[in-house]
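Below is one structure, written out as structure tokens, with a few remarks after it.
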Amino acid sequence: MLKAIRDIGELYGKIEIYDPIEAEKVLILEFNKDGKFTKVDLEDFSKDKLSLYMYKKAKGKNPPSLSPTLLLNRSQIDKSIGNLRKILKHYKNVKLELKLDNILEEVRKIDIPPKKTILLTIKIDGKYIGEIDAFRKTLENLISQEGNNSKGEAVCCVCLQKKEVSGDISPFKFYTIDKPGYIVGGFRKEISYKNFPLCFDCKRYMEAGYHKIKEDLKFKIGNGLDYYLIPEFILGREKLKQETLDILFNSEHRKIMLNKKEYSSFMSDEEEILELITQEKDAITLNFLFLEQQQSADRILLHVQDIYPSRLKELFTAKKYVEKFLSSENYEYNFTYLTIRKFFSKSDPSKKTEDLRKYFLEIIDKTFRGVRIEEQFLIYFLLKPIRKNILKNEEYINTIRDAFAVFLFIKLSTKEVNMEEKQFNNLEEFLDSLPSLDTPLKKGLFVLGALTESILQIQVKERNNKPFLKKLKDLRMNQADVMGLLPEIREKLENYQEFYGYKKRLFEMASEYLARASTPWKLSIEEINFYFVLGMGMFYKIKQFIYKNKEEVSYEEQA
């Protein structure tokens, strides 16, 4: 992956003296040509002015940047100005009058918008620091001094050439030598380059590549979870179509392509390009890097590597099968990894943090690599929100549908099942096609769940509520509870004068399947209720095999 980042930087990146940064506003301290403070100004941030702001992050925290442009600490503006004073000590050719009281008095007159990211910088005689040679030369000198405390002659770990290297110039915030665990040779920092020997050329290219990736290849799965798409040219970039390279690295071309073609999202980002890449041959592999920013460092949450376009195509095939399977005449289902995240985010919606995120990342990793996931593990988490919906008498069909979509996709993507697209002549063939409905017991539970949903729909029509839900014991039924449902369902249908036609047929099927099941049942409580509730959610699919006259199906029931 490191060489891939270097290659991207060399081919498509720009080596700049400054770092890219994003903000909403820029607070400017203005000085005259004699260095006297004159006023404070607030302007809109512009990406076109990055070279003028000349922001350059420092490796340490104190001061936080190498240039006199830094992120404003709005709660401690005096501290930010103090950091600015420390930074300017390195710029010996520049003498500025930084009287804290005067500056703070002027800053307080400015209406700084709340909850906005603000840059703090300076202007001298109307010029940004990026327009002043003295600042640029000093910054270049400061950058060249980075890594001096850990230099040596060695083979660079990226370009594999013997050069002057350093162990303290990594452009990545997830590598550092300021903790003993990173230092070889008796914790001597001066020989720590042996851990991560990086030459200065590769460092510059990797910085440019990393910035290019952040700019063009950063995507997200919902809120708060970003990933970077890092391509590797395993057969050289000349083996790739120019169109693929443009999709990856030319944002204008990408927008045109995405507007021209109907594409489906996979990881749930609006401008996702993964389906476009599936058209490429296996001359490229993809790395998916999930990072979390913690204070001034980045922590790797997950690195999925060596994903070929052909494997990505298999995942899209599984996704599209799930969507087609769960869609109906009146409803088009859409599946992405965000659907999975609904079940593997928070164990309780009231929690502030996503305590189940590690499981979600594990599912991403295993589905991409085709590694089997334990069924009982899945069922436990898929059933939990359905139970909550039913307990609170909330809408549950969509939750069941999503749970079944996740279950199907994982079974398909890990190649545990192979579901062929075909026409089913009857309900039995349909049931035989469903993954894990491989025993009479599971089929009986599924059909009984569908029959239960038919009663609930009758009750909504007749009474505008679903009192029969109480019979389901919050989906914690055991074998005796389920068997006890059979006579209650029959009695209820007879009371509603509905025990005929397809409902009678479903009752007979469920009874027959359950009678053929070996006893005692060898399923956990979660499994019993999961297969039962899937039948409830799939009632709209089952009806297409049992209604002879489609006009009998109400609009509400088809939804």
Side-chain angles (χ1 to χ4, degrees), residues 1-5 8 170-176 181-182 196 206 209-210 212-232 234 248 265-269 271-275 277-278 284-316 318-319 335-347 351-374 377-378 380-382 406 409-416:
M1 183 182 74
L2 296 179
K3 186 176 184 304
I5 295 173
I8 290 170
S170 168
F172 307 114
K173 296 176 184 177
F174 46 80
Y175 174 83
T176 177
Y182 284 96
F196 186 15
M206 287 172 71
Y210 197 35
K212 183 66 175 174
I213 290 166
K214 282 184 174 181
E215 181 180 352
D216 287 338
L217 296 173
K218 181 180 179 181
F219 304 98
K220 60 176 71 239
I221 306 178
N223 294 325
L225 187 59
D226 299 332
Y227 70 92
Y228 298 93
L229 188 65
I230 305 172
E232 288 191 63
I234 56 175
L248 288 166
S265 179
F266 189 50
M267 304 287 271
S268 87
D269 194 285
E271 295 185 355
E272 185 185 280
I273 60 174
L274 294 179
E275 189 175 14
I277 296 175
T278 62
I284 186 177
T285 65
L286 300 172
N287 294 270
F288 292 79
L289 185 65
F290 292 81
L291 294 178
E292 178 184 52
Q293 190 165 5
Q294 291 184 338
Q295 296 178 345
S296 61
D298 287 332
R299 183 168 73 93
I300 297 177
L301 299 174
L302 175 67
H303 176 204
V304 184
Q305 55 188 337
D306 297 333
I307 302 300
Y308 288 88
S310 58
R311 174 55 183 161
L312 206 55
K313 192 171 185 177
E314 289 176 349
L315 293 173
F316 268 94
K319 160 193 160 66
F335 176 85
T336 69
Y337 269 83
L338 191 57
T339 312
I340 302 176
R341 196 180 179 192
K342 292 177 185 177
F343 297 91
F344 295 90
S345 176
K346 297 180 181 180
S347 57
K351 288 196 173 185
K352 291 183 179 180
T353 58
E354 293 189 358
D355 56 326
L356 301 182
R357 187 177 62 182
K358 62 180 179 180
Y359 297 131
F360 176 59
L361 293 169
E362 181 183 336
I363 290 171
I364 291 175
D365 181 44
K366 288 186 174 180
T367 51
F368 267 78
R369 295 189 295 115
V371 177
R372 184 177 180 275
I373 298 174
E374 283 296 325
F377 165 81
L378 283 177
Y380 173 81
F381 287 103
L382 295 177
V406 173
F409 176 78
I410 290 175
K411 292 285 185 180
L412 289 165
S413 62
T414 56
K415 300 184 178 180
E416 192 176 341

Rounded to the nearest 0.5 Å, what separates atom [atom1] in [X] from atom [atom2] in [Y]?
X	Y	atom1	atom2	answer
Ser413	Ile373	OG	CD1	6.5 Å
Ile230	Ile5	CD1	CD1	4.0 Å
Leu356	Leu361	CG	CG	11.0 Å
Ile234	Tyr308	CD1	OH	4.0 Å
Arg372	Ile410	CZ	CD1	12.0 Å
Ser265	Ile273	OG	CD1	11.5 Å

* Identify which one of Tyr228, Phe266, Phe368, Phe219 satisfies the ring-ring contact (aromatic ring centres under 6.0 Å, His included) criterion when paired with Phe288. =>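 The option that passes is Phe368.
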* To do: Could you point out which residue of Phe377, Phe344, Phe343, Tyr380 forms a ring-ring contact (aromatic ring centres under 6.0 Å, His included) with Tyr359?
  =>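 Among Phe377, Phe344, Phe343, Tyr380, the one meeting ring-ring contact (aromatic ring centres under 6.0 Å, His included) with Tyr359 is Phe377.
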* side chain to side chain contact (heavy atoms under 4.5 Å, CB included) between Ile364 and Phe290, intermediate numbers included -> CA-CA 11 Å; Ile364 291 175; Phe290 292 81; 3.9 Å; yes
* Does the ring center of Tyr337 lie less than 6.0 Å from the ring center of Phe409? ->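 Ring centroids of Tyr337 and Phe409 are less than 6.0 Å from each other.
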* Indicate yes or no: at least one non-hydrogen side-chain atom of Leu274 is less than 4.5 angstrom from one of Thr278. =>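 They are not in contact (no side-chain heavy atoms under 4.5 Å apart), so the answer is no.
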Could you tell me which non-hydrogen atom of [X] sits nearest to which non-hydrogen atom of [Y], and how far apart they are?
X	Y	answer
Pro231	Ile8	CD-CD1, 3.7 Å
Ala4	Glu232	CB-CG, 3.1 Å
Leu248	Leu217	O-CD2, 3.4 Å

* To do: Report the C-alpha distance between Arg341 and Leu338 in whole Å, list the side-chain angles of each, state the deciding distance to 0.1 Å, and finish with yes or no for side chain to side chain contact (heavy atoms under 4.5 Å, CB included).
  => CA-CA 5 Å; Arg341 196 180 179 192; Leu338 191 57; 4.1 Å; yes
* Does Lys346 use its side chain to pair, donor to acceptor, with the backbone of Lys351 at less than 3.5 Å? ->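 Judged by distance alone, yes, a pair lies under 3.5 Å.
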* Look only at the side chain of Thr339 and the backbone of Thr336, and say whether a donor-acceptor pair between them is shorter than 3.5 Å. =>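 Yes: the side chain of Thr339 pairs with the backbone of Thr336.
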Using a strict cut-off of less than 4.0 Å between a Lys/Arg side-chain nitrogen and an Asp/Glu carboxylate oxygen, indicate whether [X] and [Y] qualify as a salt bridge.
X	Y	value
Lys212	Glu215	no
Glu354	Lys352	no
Lys319	Glu275	no

* Asked: Among all residues two or more places apart in sequence or in another chain, which pass the side-chain hydrogen bond (donor to acceptor under 3.5 Å, both in side chains) test with Gln305?
  ->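 Applying side-chain hydrogen bond (donor to acceptor under 3.5 Å, both in side chains) to Gln305 gives none.
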* Asked: Does NZ in Lys366 sit with more than 12 non-hydrogen atoms of other residues, nucleotides or ligands closer than 6.0 Å?
  ->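 Result for NZ/Lys366: enclosed.
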* Asked: Is atom NZ of Lys3 surrounded by more than 12 heavy atoms (other residues, nucleotides or ligands) closer than 6.0 Å?
  ->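 No, because the 6.0 Å sphere around NZ of Lys3 holds 12 heavy atoms or fewer from other groups.
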* **Residue pair Lys220, Leu225: steps toward the side chain to side chain contact (heavy atoms under 4.5 Å, CB included) verdict** => CA-CA 6 Å; Lys220 60 176 71 239; Leu225 187 59; over 6 Å; no
* Begin from the C-alpha positions of Thr285 and Ile307 and carry the test side chain to side chain contact (heavy atoms under 4.5 Å, CB included) through to its verdict. => CA-CA 5 Å; Thr285 65; Ile307 302 300; over 6 Å; no
* To do: Can you spot which of Leu289, Asn287, Ile277 makes a side chain to side chain contact (heavy atoms under 4.5 Å, CB included) with Leu229?
  =>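 Testing each of Leu289, Asn287, Ile277 against Leu229, the sole residue satisfying side chain to side chain contact (heavy atoms under 4.5 Å, CB included) is Ile277.
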